[in-house]
Amino acid sequence: MRLIVKFNLVLCAVFIIVFVIASVLANSLLENNAKAEIEGNARTMIEGARAVRTYTSTQINPLLKTQLTYAFLPQSVAAYSANEYFKQLRKKYPDYSYKEATLNPTNPTDRATDWEADVVRLFRDNPERPELVDERDTPTGRAVYIAMPLKITNPACLECHDTPDRAPRTVIEQYGSSNGFGWKLNDTVAAQIITAPMRVPIQRARHALIAFMASLAIVFVILIIAINALLTLLVTRPVKRLADLASQVSLGNVDAPDFPTSGSDEIATLAASFGLMRKSLIKAIKMLEG
Amino acid sequence: MGDVIETGPNATAQAQLEFAGSAIVEVGPSTQVYVFSQSGTGREIILLTGWIKGETISGTYRYLSPRLSVETNGGNVLLHATEKSVDAFVERGSASVTFGSGMATTSSTDKLFFSNRVSQPKFSSGRPSADFVAEMPICFRDMLPSRLPRFVGKSVPKPERDHDVSYTEVERLLTLPPRWRKGLVVRFKSRLQDRGFRQAIEAHISTLPEWKSALDPEHQQSNAGPGR
């Protein structure tokens, strides 16, 4: 078996092993990174929703307070603003969904489902807990979610959520007087939950993995070509020429041309040694003939 | 004697009266308002027709109309008057509302909107009627911002004489209930030199008896002469 073939076989075996190990490690790393990125995005989105809520309750609501006497304006409600903000975000991030899951909401669409209610209760039981990140199975596949508690820290919120008597008439006309009341200051009443399907981080990781492994394969192919070229140019070709010269000398062709030597690498040393051996051999042949 | 403020029919034709530190009164389009009396702590403002919104900060403000009057010491009140109806809504705070010359009713959660219409029973409710809200000038839905600081240090143009009033223009004012007509004859007597004005007064003399002396001063003087 030729030397270059042996080299290539070993290099290919090493590459396959490295490729498999790298793909396993990279897949896990990239998947974790993709999840972390999604969590980071979700945190930013929730903080954005909180900022919009605060802006609405401190600046928009007071401006619309008088108008609420005449007609219910959802624009004055912090939860509505947060949902509208997220509607706009979804145009760019369609995989994410947002809900302000509330145990006792004014608007029935905000009512927490079973698992969401558990999340709200978890925050109620652990007031210091800032967030919850978890995964859950959904009809469309596994999903990752991040939840943050919503506490009533602004006393102005209680104007609509304390007792029906205190709430604007237009709010009662819109939603009735049986839901969304009895809230207390500093109570955790809801959780902001952002959900993204797991296929999102997995797809992202897969795309990144494919790109990474393709790059690795390209690098390896370039490496193999370079090694083969160098091996042919610097080792196999000079060795073959030296072997041909040795064959000619061994057949008594003392006029065979010298092997040109240059440099100080192992092939040059071998050629120099061969030249010395050839001279000694010619000298010995001439002595025997003389 | 009080000023009469009239706005044009355009939707943006509005005026704002600011009584520094005590009240802001917004006058809607197609509205005639008569500032009937002013004292140190209060005002009486008569709505002849159209829309007004009064935000009272301090003092006693009476927003009057022939069919319905509202008195408040610190509430927001809206009034809408037409020839055949007057509606009032107590937007914020409390107010005392009187239908015509009847008994006053204090506003409460269930009595914030009051309506007095021709050939309909007077009524009150906790919510303004849909018609009232729909017809209300849109800016009345908001708090009235004070504009007085904008004019501090600026020279305000003085009103210019435009034209002499016709009878039609002041008819609502002249035909107010007698208790609010005080001083009007003296104010507009000079207009009797105008033939049209005089003829209109003469045509309505049965409802404007206080003008008799102004129409025929010599006759009145002889009737009121010595021995009588």
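Letters A, B, ... mirror the listed sequences (proteins, then strands); counts begin at 1.
Annotation for A/Gln59: atom CD counts as buried by contact number, over 12 foreign heavy atoms lying within 6.0 Å. Within a 6.0 Å sphere centred on CZ of B/Phe123, heavy atoms belonging to other residues, nucleotides or ligands number more than 12. Under a cut-off of 6.0 angstrom, the local environment of CZ in A/Arg124 is crowded, with over 12 non-hydrogen atoms contributed by other residues, nucleotides or ligands.
Side chain of B/Arg141 to backbone of A/Thr69: no donor-acceptor contact under 3.5 angstrom is found.
For B/Leu78, the part sitting under 4.5 Å from any heavy atom of chain A is the side chain, from C-beta outward, and nothing else. Looking at B/Phe89, the atoms closer than 4.5 Å to chain A (heavy atoms on both sides) all sit in the side chain, from C-beta outward. A/Leu63 touches chain B through its backbone: at least one of N, CA, C or O sits under 4.5 Å from a heavy atom, while the side chain does not.
Taking the side chain as every heavy atom from C-beta outward, A/Thr66 and B/Arg92 never approach each other to under 4.5 Å.
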Problem set entry | Steps toward side-chain contact (heavy atoms from CB on, under 4.5 Å) verdict (A/Lys65, B/Met143) | CA-CA 9 Å; A/Lys65 205 168 185 176; B/Met143 295 288 283; over 6 Å; no
For this session: Might you work through the salt bridge (Lys or Arg N to Asp or Glu O under 4.0 Å) test for A/Arg169 and B/Asp110, ending with a clear yes or no?
Result: CA-CA 11 Å; A/Arg169 286 289 191 94; B/Asp110 295 328; 3.2 Å; yes
